[in-house]
2 protein chains.
Amino acid sequence: MAKIKLGVIGFDQLGQEIVSAVQKQEDLMIASVFTHFNKKDLSSEFQTLPLHSMNEVFEFKQEIDVLIVCSGSTIDYPSHLTDYARYYNVVEAYNFYAQPNLLINSLESMSPPPNKLALIGVGWNPGLYSLNQIMAESLIPNATTYHFVENEWSQKMTELLEEIEGVAEAKVFLNAEPTSLEAVLAGQNPNLNYSDYHQREAYLVLEEGIDPEKIHDQIQVLPNYLSQAQSHLHFVSSAELAKLSQDKQAGRLIRSSSDQKELTTYDLSLCLSHPLSYQANILMAYARAVFRLAKEGKTGALTMLDIPLSYLSKLNRQDLIDQYL
Amino acid sequence: MAKIKLGVIGFDQLGQEIVSAVQKQEDLMIASVFTHFNKKDLSSEFQTLPLHSMNEVFEFKQEIDVLIVCSGSTIDYPSHLTDYARYYNVVEAYNFYAQPNLLINSLESMSPPPNKLALIGVGWNPGLYSLNQIMAESLIPNATTYHFVENEWSQKMTELLEEIEGVAEAKVFLNAEPTSLEAVLAGQNPNLNYSDYHQREAYLVLEEGIDPEKIHDQIQVLPNYLSQAQSHLHFVSSAELAKLSQDKQAGRLIRSSSDQKELTTYDLSLCLSHPLSYQANILMAYARAVFRLAKEGKTGALTMLDIPLSYLSKLNRQDLIDQYL
């Protein structure tokens with residue numbers, strides 16, 4: 001089997017995760033990596049990669065089946081993406097600049113239309129949750145959708161606490177509010193406000209000699225702190241905080257419909273202790289899909305919502321049907 | 001908005017659920033119901049439906065956009081389905097006779113090829129679980145997939161216990177074995193055999209004057225009973241059994257990958273206290289998809305795996321992208 005030849009543009013953490021992920025897949029290979037980094041600044045494990053500078057990206061049109069764009073909004077802009085999409089089949093990692101419909105329009109209105117396929121906004125949230133939400137909402141009408149996070153780091157609240165005098169380090173996480181989650185799972189279809197969904201767990205490392213009680217009182221009166229969610233303060237050591245600060249994220253999408261007698265729930269939990277490697281795997285599976293669809297002659301701009309799930313798998317359609325239906 | 005005109009062939013419980021489900025959807029309507037029942041044998045709520053006999057099914061070619069085939073294997077055979085598919089866009093409820101690839105082949109080899117679209121094997125297990133499994137396995141490589149059931153009625157075991165003298169009624173349910181489930185959720189990637197997955201909860205109503213101890217001893221020595229799964233016996237009243245015997249089903253699909261430091265899980269739980277109405281909703285959403293795809297000129301035979309999720313929603317693609325990505 002000829003391998004699918006991938007180009008990767010952008011070689012920060014995500015780009016490096018993609019390279020690692022591809023190395024474990026027998027149907028994919030890295031044909032080129034385009035980066036602003038100098039080769040000598042990269043660790044030894046990457047020295048054997050086909051590394052090129054960003055401005056060489058258009059010189060490999062013949063050698064790349066799908067270009068994965070993960071350079072992020074600090075380097076790339078929508079205009080760059082349309083440039084790439086003119087010459088390559090493209091898979092773009094989710095970027096917050098990417099208002100998907102605008103980007104789709106700019107890709108689809110290119111003149112002359114490129115004979116290539118672009119897939120934009122690929123990620124897990126939005127992305128994978130979106131797919132499941134659309135599925136759940138289509139299959140369970142007259143129900144309510146809930147979306148909880150678990151261990152989600154709150155950057156804004158963390159920064160707020162770090163500014164307090166006497167606080168050496170801080171970390172704030174959002175977790176599902178247990179009674180709200182219970183009510184949803186019991187089919188009570190509660191009407192949840194923003195503040196009902198989550199509670200905050202704030203972990204603080206204090207400077208030496210600082211009185212926890214004082215810090216506690218200062219935090220209690222912070223504007224919007226108590227009003228937006230239930231909050232719990234924990235005073236920990238620097239080592240304990242480091243352990244808590246692992247990159248772990250989780251979330252839960254619940255669609256629930258109930259009346260007196262019946263309860264239907266669609267309940268998806270994702271737990272990702274390393275979200276970037278998960279993101280790399282998603283990009284890989286969708287690169288596979290883009291390769292196949294492009295081979296079938298599909299062109300234009302798509303999102304994850306437009307791609308049949310069978311295209312993500314390494315297995316061919318007949319094997320999938322035999323094994324899964 | 002013109003409504004999508006649905007035909008329903010087969011009017012047992014599932015057909016009736018479809019009619020009820022469609023009545024709550026503003027974009028769908030029932031154009032015809034084909035049944036073996038006489039109109040006079042149906043309850044009053046169905047008397048206003050456009051009811052027709054089975055052999056009139058080919059007389060409504062102009063009036064039906066999508067025909068939902070839920071007459072089941074007792075009435076229909078693959079050859080019937082190919083007959084229907086010659087003249088109608090078809091959505092077929094999952095049938096165990098339907099070896100999907102054989103059916104797809106017979107549909108795709110029809111001569112002359114009908115200018116219609118057929119979607120076969122639509123259901124939730126296989127079906128919805130299959131979609132999620134393919135998604136999870138494509139997005140989390142190098143992991144293990146587990147599939148637990150909850151409250152699943154075991155017909156075979158129930159019948160076995162009902163045959164015992166002194167047993168008036170019985171019901172056996174399968175539930176996830178808690179320690180196995182815990183090990184999976186903890187990321188231990190256990191290697192589970194059939195007997196490790198589930199435990200049996202057997203509920204028995206005894207005839208008057210029968211000694212539970214004696215029945216207990218008889219059951220302990222049943223061949224294959226203890227060896228296949230952990231079993232628990234409960235002696236209950238007839239009323240208690242009736243309450244337990246609701247149609248509820250649930251299941252859990254877990255894909256889990258872990259090493260020492262990282263844990264990734266994709267964990268989908270479905271709880272359906274009324275599986276048939278859920279099945280009706282699935283058929284409805286896929287009828288919508290078939291209507292749209294057929295309108296775009298798609299013909300041939302498809303499965304759920306071949307359909308982008310955006311086609312299931314009442315919302316159009318642009319709204320979906322705006323609201324979900």
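Within every chain, numbering begins at 1; the chains are lettered A, B, ... in the order of the sequence lines, protein sequences first and strands thereafter.
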Query raised in the report: Which atom pair, heavy atoms only, marks the closest approach of B:A285 to A:S138?
Result: CB-O, 3.8 Å
Query raised in the report: Does any heavy atom of chain B fall under 4.5 Å from the side chain of A:I254, the backbone, both, or neither of them?
Result: neither
**Report entry** Which portion of A:L128 sits near chain B, non-hydrogen atoms under 4.5 angstrom
**Finding:** side chain
**Report entry** Minimum-distance pair of heavy atoms, taken over all atoms of A:L263 and B:S273
**Finding:** N-OG, 2.6 Å
Query raised in the report: Is there a donor-acceptor pair closer than 3.5 Å between any side-chain N or O of A:D267 and the backbone N or O of B:L270?
Result: no
Query raised in the report: Is the NZ atom of B:K3 crowded by more than 12 outside heavy atoms at less than 6.0 Å?
Result: yes
Query raised in the report: Top residue by heavy-atom pair count (under 4.5 Å) with chain A, among B:Q323, B:K314, B:Q133, B:M284?
Result: B:Q133
Report task. With the side chain counted from C-beta on, respond yes when B:T264 and A:H274 share a heavy-atom pair under 4.5 Å apart, and no when they do not. Result -> no
Query - Heavy-atom side-chain proximity of A:W124 to B:L139 below 4.5 angstrom - result: no
Report summary line: Minimal heavy-atom distance between B:R317 and A:L302, with the atoms involved, is NH2-CA, 3.8 Å
Requested in this report: Might you point out which heavy atoms bring B:P100 and A:L325 nearest each other, and give the distance in Å?
Outcome: CG-CB, 4.0 Å
Query raised in the report: Short question: side chain of A:S130, backbone of B:Y324 - any donor-acceptor pair under 3.5 Å?
Result: yes
Query raised in the report: Is it the backbone or the side chain of A:Q25 that comes under 4.5 Å from a heavy atom of chain B, or both, or neither?
Result: side chain
Query raised in the report: Taking atom types as modelled and ignoring hydrogens, do the side chains of B:Y278 and A:E262 form a donor-acceptor contact shorter than 3.5 angstrom?
Result: no
Query raised in the report: Is B:L309 close to A:N132 at the side-chain level, that is, under 4.5 Å between some pair of heavy atoms?
Result: no
Query raised in the report: Rounded to the nearest 0.5 Å, how far does CE of B:M135 lie from CE of A:M304?
Result: 8.0 Å
Report summary line: Comparing A:N142, A:L320, A:D322, A:I321 against chain B, the one with the most heavy-atom pairs below 4.5 Å turns out to be A:I321
Query raised in the report: Can you tell me how far CG of B:L253 sits from CG of A:L268, rounded to the nearest 0.5 angstrom?
Result: 9.5 Å
Requested in this report: Go through the atoms of A:I307 and report whether side chain, backbone, both or neither lie under 4.5 Å from a heavy atom of chain B.
Outcome: backbone
Report task. Please flag which part of B:I104 lies under 4.5 Å from any non-hydrogen atom of chain A: side chain, backbone, both or neither. Result -> side chain
Query raised in the report: Where the side chain of B:S310 meets the backbone of A:L305, is there a donor-acceptor pair that is under 3.5 Å apart?
Result: yes
Requested in this report: With the side chain counted from C-beta on, respond yes when A:T265 and B:S269 share a heavy-atom pair under 4.5 Å apart, and no when they do not.
Outcome: no
Query raised in the report: What part of A:R255 is in contact with chain B, defined as an atom under 4.5 angstrom from a non-hydrogen atom: side chain, backbone, both or neither?
Result: neither
Query raised in the report: Is it the backbone or the side chain of A:Q318 that comes under 4.5 Å from a heavy atom of chain B, or both, or neither?
Result: both
